[in-house]
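To start, the structure itself, in structure tokens.
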Amino acid sequence: MNETGIPKTYAAEDWEDALYRKWEESGFFNPDICIKAKVTAADAAPYSIVLPPPNVTGSLHSGHAAMLAIQDILIRYHRMRGDRTLWLPGTDHAAIATQSRVEKNLIEQEGKNRYDLGREAFLQRVEAFAQQSHDSIIHQTKKMGASLDWSREAYTLDEKRSLAVRTAFKTMFDDGIIYRGYRVVNWSVAGQSTCSDDELVHIEREAILYTFRYSKEFPIPIATTRPETKLGDTAVAVHPDDTRYQQYIGQTFTADVGAEKPLEIKIIGDPAVDPKFGTGAVGVTPAHSQTDFEMYERHPDIALVQVIGQDGKMTAAAGTGYAGLTTLDAREQFVAWLRTNDLIEKEEDVVQNVGTSDRFNDVTEALPMRQWFIAVSKEFERDGKTVTLKSLMQDAVRDKKIAILPERFEKTYFHWIDNLRDWCISRQIWYGHQIPVWYKKQPATDNGQRTTEEIYCGVEPPKDREDWEQDPDTLDTWFSSGLWTFSTLGWPEQTEDLKTYHPTSVLETGYDILFFWVARMILMSEYLLGEIPFKTVYLHGLVRDEQGRKMSKSLGNILDPLDVINDHGADALRLALVIGSTPGNDLKLSDEKIIASRNFVNKLWNMSRYIALAVPTAPTAAPEAKTLSDRWILSRLSELTDAVTSLLDHNHLSLASEALRDFTWNEFADWYIEVHKIEKNDAVLVFVFNTLLRLWHPFMPFATEAIFQTFNPGRNDLLMVAKWPEHMKTRDEEANAQFTALQGLIAALRNLRAVYRIDMKVPLQYSPSSDSALFRENAPLIERLARATVTTAQTVSAQARIINPLFDASVPLESIIDIEKERARLLAEKASAEKYKAGIEGRLNDERFTSKAPAHILEQNRTALRETEKKIAELASYIENLAA
RNA sequence: GGAUGAUUAGCUCAGUUGGUUAGAGCGUCACAUUGACAUUGUGAAGGUCACUGGUUCGAAUCCAGUAUCAUCCACCA
């Protein structure tokens, strides 16, 4: 503390919580209140972002922190611009992720699984966990300074969002876009649920590739890494044009494989088979391979035999001796049998890719099941055109209705859509939106299976409820997430919010969920609303540690946002996450970076401290440029304002923050504040600083607001809703050029001291040439900043001038330590200049260059040539004098 | 196997539609600084822009190929 009463360092912890409370209480996070309070015009252009809802599986990590920082910057900027700005918060129930997390805890702590508790009791546990997790997420979000409109908070599983989900489902069901189909899906044995193709994580694994024949008589050898599935083979496919096997197409062979009943294998021709690969023949297992299932659909005459069950064990259909075995045991047994019967032709070690379930961490089985799907390739009419969900997703981006940042992800997006299959949306888990489909109860048939079913699909349950049974499955969590941009705004009701804020302005999220989420939102919005969900997709990268590794618990390199905030403040974290990060590229976050940001926040704080000290009462006069320095700083401020505004308009947050930092530190603090100590133009100083506070506010809301409050004690207005600086007409190229020259001179004079080790108490003598009015007029600055005495040219001795290569200055001759050293330096400089000159001359004498280069390039070269020649002449004369 | 991206100073990265001695921050070194600043200021050193060709008057930038790394996708039995 000192006489200003302002601490020497910015203590974030003393400010942040109180400031956030103050913002929240002001109500200005809510655009409606902004309009009521006339902070925003009623007819202002809307600007909206819907927060990607964090999963209620735990707490926020640094990726979330980056997301919050980026979005809050955009939101605060637009709010200050006067836009009708809405940032809508929410959380995601994250079905599988949350359920498996809770079940894992349950098993660890109580040794029970979900079936031991039963659906209802288990769901209560999940909800309690979700609530707790939700609360901690909200707490962390507020700690980041996120200016979200909490009055509109949503949850993917709350009443309104559930209604949206059921409405969406029913609409798509009625249109035939959602259908129930029997096909091969990815089944997680550990999780006892399906997972979608996108949720599979492929990992490499070593395996043995067996090449074998079903029997001695069987004409074609086939290869497999999973022999046990071969018990379910019903066909062998070859390419129809393959002359080796053509003759067998259409024949059926029986093969005794040591199971109860022999396999019936039909040879089929299918162009999907690559005759050059392996043996050129594929054993077709329709029940346990997606491709084989597709072949099965193309060839109705072959059978489907399911030999692996949902429990991951062999079914009765595999035959006695196999039924009940695990797949691994069955494999061993079958291979042993093949060996004894001498049917194996080759065994090779190969590396294969297997799909594992992301959530349950086990290798998935391909099983045929009856599940719910969304038909992405089904044609339907829309505005008189035949379209599919795929084409709707493609067109939104192809027609530039949606821009993806960075652009390269558009290619990835299209590539993904091209390979997209129907989306399996039903999950056999409990936590989530239960499918709004009911089946009419029927007397059980002999085998306990339904034969024909009466199906009801509705937003509400059927009236005679007791006669119906709801489908026990729940929906893929991405189904409800896909509705997020409009379910949060009140859809299916046609609310004012929906009309005002949809499509939203920007969707900001990590590139890792481009497919999971971004594409699905486009699908849902296009289908259900007939419009895009957002205009711009801003993809941020992954936050990694300083060595570029992913942050993970096992590596112990996690930076907890809350810890960082406690140690260094939210603003420091926000800056560290934004500076130097570009869309789509991963961001390395290190202590060093956070500390550098923290230092900058502190620097800004101390600038305010200087101002409070030097200008105790705020000037009332309008800023008026009295000197060159004033003209310069106002000119630069004007350029900065335009640059930052334009950069933020184009979502270039990093560049905007860098421009701000460079100006604030290198120009305002290092130069203008020093100038102010001499020239004392309070009005300009305060004006520039106030403008800077507003420009900085989106990036570091807490510190700027804290400074603002300190400056304006007793006032109730908030920097948060101050007006964004407008374009200023103070740009002045001449002042920029002159001040740069002045800076160069001062720097050079200071350098002279260092080079010649001149005692600070001995004044450097600087005598401007008779024509440099600029330097004479700014003599006080030069004297103070360079500790030089400005004298007239006459007083400078001839000897002294010798050693100054760049300008007329005088230093005491005895200070020169090594004249030879200086000569060598000058010679080197001259040589380099000569080389440069030769390069330019070469170009200018080359007719190809002069005839083709544009005029301004030629002019640039001529000017450079003139200046270099002048410099060489000067250097030559100094060297000559130095020798004498 | 396919796709996308990256490769620039010791480290982390900028480098806009090709335009002429390649930039910043951190780090290093030198000097100064304790009167807004857990400092800060001024300056210096440091780069054959991964490699090889090509296009061009001119290439870090465009094209082709090579290498290394990363990520995503994929039903190769």
Side-chain angles (χ1 to χ4, degrees), chain A residues 2 4 6 8-10 184 197-198 202 209 211 222-226 236-237 272-274 276-285 289-295 352-353 355 366 406 408-409 411-412 415-416 418-419 511-512 514-515 541-542 546 548 579-582 584-588 590 592-593 595-596 598-599 602-614 652 654-655 658 661-662 665-666 669-670 673-674 677 746-751 753-755 757-758 760 785-787 832-833 835-836 839-840 843 846-854 856-858 860-861 864 868:
Chain A
N2 68 357
T4 60
I6 302 174
K8 288 183 83 153
T9 54
Y10 169 63
V184 170
D197 295 343
D198 301 305
H202 293 272
L209 181 68
T211 305
I222 57 159
T224 182
T225 53
R226 295 202 56 191
V236 164
V273 179
D274 178 0
K276 290 190 204 80
F277 187 87
T279 60
V282 184
V284 182
T285 324
S289 152
Q290 287 199 20
T291 20
D292 293 2
F293 186 82
E294 281 162 20
M295 275 198 228
Q352 66 167 173
N353 267 331
R408 66 183 145 94
F409 278 99
K411 288 183 194 165
T412 328
H415 185 251
W416 177 80
D418 289 342
N419 294 314
Y511 65 75
D512 49 331
L514 178 65
F515 308 134
L542 264 45
E546 54 209 309
I579 294 188
S581 81
T582 44
N585 290 329
D586 291 350
L587 165 78
K588 292 191 180 101
S590 58
E592 233 171 52
K593 212 164 166 184
I595 286 168
R598 197 264 330 262
N599 287 349
N602 198 48
K603 180 84 180 172
L604 192 76
W605 177 260
N606 273 291
M607 288 178 213
S608 84
R609 207 164 157 262
Y610 168 78
I611 294 170
L613 208 69
H652 292 154
S654 176
L655 290 177
E658 282 170 58
R661 185 197 55 196
D662 291 349
W665 204 317
N666 301 335
D670 292 351
I673 287 187
E674 294 306 315
K677 290 174 183 171
I746 291 168
L749 283 170
R750 282 171 175 165
N751 206 26
R753 275 190 191 285
V755 169
R757 298 172 186 276
I758 298 166
M760 283 307 284
L785 299 181
R787 312 236 169 149
S832 127
K835 200 173 148 201
Y836 180 44
I840 302 172
R843 271 198 298 279
D846 187 339
E847 207 180 304
R848 292 174 305 177
F849 173 65
T850 47
S851 62
K852 290 194 182 173
H856 72 278
I857 298 296
L858 286 174
Q860 232 174 60
N861 275 271
T868 313

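The basis for the numbers below is simple: all heavy atoms, side chains too, and nothing from hydrogens, waters or symmetry mates. A note on names: the letters A, B, ... follow the listed sequences, proteins ahead of strands, and every chain is numbered from 1. Keep in mind that this is a model prediction, so the values were computed, not measured.
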ask   = Excluding sequence neighbours, so at least two apart, what forms salt bridge (Lys or Arg N to Asp or Glu O under 4.0 Å) with A/R226?
value = A/E228, A/E365
message = Going by side-chain hydrogen bond (donor to acceptor under 3.5 Å, both in side chains), name the residues that satisfy it together with A/D846, two or more places apart in sequence or in a different chain.
response = A/R848
key: Gap between atoms CG and P, on A/N861 and B/rU20 respectively (whole Å)   = 9 Å
ask   = Can you list the residues that meet the salt bridge (Lys or Arg N to Asp or Glu O under 4.0 Å) rule with A/K852, with sequence neighbours excluded?
value = none
query = If the C1' atom of B/rU52 is compared with that of B/rU28, how far apart are they to the nearest Å?
reply = 35 Å
request  = Pick base, sugar-phosphate or nothing for A/I857, based on heavy-atom distances below 4.0 Å to the nucleic acid.
outcome  = base
query = If only side-chain N and O atoms of A/K8 are considered, is one of them under 4.0 Å from the OP1 or OP2 phosphate oxygen of B/rC37?
reply = yes
Between the protein and nucleotides 68-76 of chain B, which nitrogen or oxygen pairs come in under 3.5 angstrom?
residue: B/rA74; atom: N6; partner: A/N353; partner atom: ND2; Å: 2.2
residue: B/rA74; atom: N1; partner: A/N353; partner atom: ND2; Å: 3.2
residue: B/rC75; atom: OP1; partner: A/R421; partner atom: NH2; Å: 2.9

query = Which heavy-atom pair separates A/V273 from A/M295 by the least distance, and what is that distance?
reply = CG2-CE, 4.3 Å
request  = Give A/I673 one of three labels, base, sugar-phosphate or nothing, depending on what nucleic acid heavy atoms sit under 4.0 Å from its own.
outcome  = base
ask   = Just checking A/Y10: base, sugar-phosphate only, or nothing, at a heavy-atom cut-off of under 4.0 Å?
value = base
ask   = Between B/rA6 and B/rU66, how far is it from one C1' atom to the other, in whole Å?
value = 16 Å
request  = Could you check if a side-chain atom of A/Y10 sits within less than 4.5 angstrom of a side-chain atom of A/L604, using non-hydrogen atoms only?
outcome  = no
key: Partner set under side chain to side chain contact (heavy atoms under 4.5 Å, CB included) for A/Q290, not counting sequence neighbours   = A/V184, A/N186, A/D197, A/R421
message = Measure NZ/A/K593 against C1'/B/rC11 and give the value in whole Å, please.
response = 12 Å
Separation of B/rG25 P from A/D662 CG (nearest whole Å) = 7 Å
query = Which part of the nucleic acid does A/A596 contact within heavy-atom distance under 4.0 Å: base, sugar-phosphate only, or nothing?
reply = nothing
request  = Can you tell me which stems involve RNA chain B, if a stem is defined as three or more consecutive Watson-Crick or G-U wobble pairs, both distances under 3.5 Å?
outcome  = B:1-7 with B:67-73, B:10-13 with B:23-26, B:28-32 with B:40-44, B:50-54 with B:62-66
remark   = Of A/D670 and A/E658, the one whose closest nucleotide on RNA chain B sits nearer the 5' end is A/E658
remark   = Testing B/rA36, B/rU20, B/rA38 for proximity to the side chain of A/K677, the answer is B/rA36
message = Counting only side-chain heavy atoms from C-beta out, which of B/rA38, B/rA36, B/rU40 sits nearest to A/L613?
response = B/rA36
task = Give A/Q860 one of three labels, base, sugar-phosphate or nothing, depending on what nucleic acid heavy atoms sit under 4.0 Å from its own.
result = sugar-phosphate
